[in-house]
Amino acid sequence: MAGRDETPRRVVVNREGPILVEGPVEVVADDGTTTRSDRFVVAICACRRSRAYPW
């Protein structure tokens, strides 16, 4: 993909916690909605129990 940063994003999967992704990121939910975060590191809930799901 031309013009895109070739540096891979770091994703850290924690057995007891959220998935940590180096930002910025866009998350596409199963209903098709897209949410963007420009933070340095984003915590993504994998259990769906977060009040602010997917964050």
Side-chain angles (χ1 to χ4, degrees):
M1 298 184 160
R4 294 201 61 167
D5 184 4
E6 296 297 323
T7 305
R9 298 267 184 227
R10 179 177 300 264
V11 177
V12 179
V13 179
N14 296 307
R15 182 174 298 220
E16 300 294 325
I19 299 169
L20 302 176
V21 182
E22 290 183 355
V25 297
E26 281 188 354
V27 175
V28 180
D30 54 359
D31 67 358
T33 59
T34 301
T35 307
R36 180 176 170 86
S37 176
D38 292 321
R39 293 184 176 198
F40 180 73
V41 175
V42 178
I44 299 176
C45 173
C47 70
R48 295 184 170 256
R49 292 186 304 232
S50 169
R51 280 186 276 149
Y53 182 79
W55 313 119

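Taking both residues in full, the closest heavy atoms of Arg36 and Pro24 are given as NH2-CB, 3.8 Å, listed atom of the first, atom of the second, then distance.
Cluster membership check: Val11 does not share its hydrophobic cluster with Val41, using side-chain heavy-atom separations under 4.5 Å among Ile, Leu, Val, Met, Phe, Trp and Tyr. Put simply, Val12 and Ile44 are part of two different groups of oily side chains (I, L, V, M, F, W, Y) that touch within less than 4.5 Å, one to the next. Residues Val42 and Ile19 share a single hydrophobic cluster, defined by chaining ILVMFWY side chains whose heavy atoms lie under 4.5 Å apart. In the hydrophobic clustering of this structure, Leu20 groups with Phe40; members are Ile, Leu, Val, Met, Phe, Trp, Tyr whose side-chain heavy atoms approach within less than 4.5 Å, directly or through other members.
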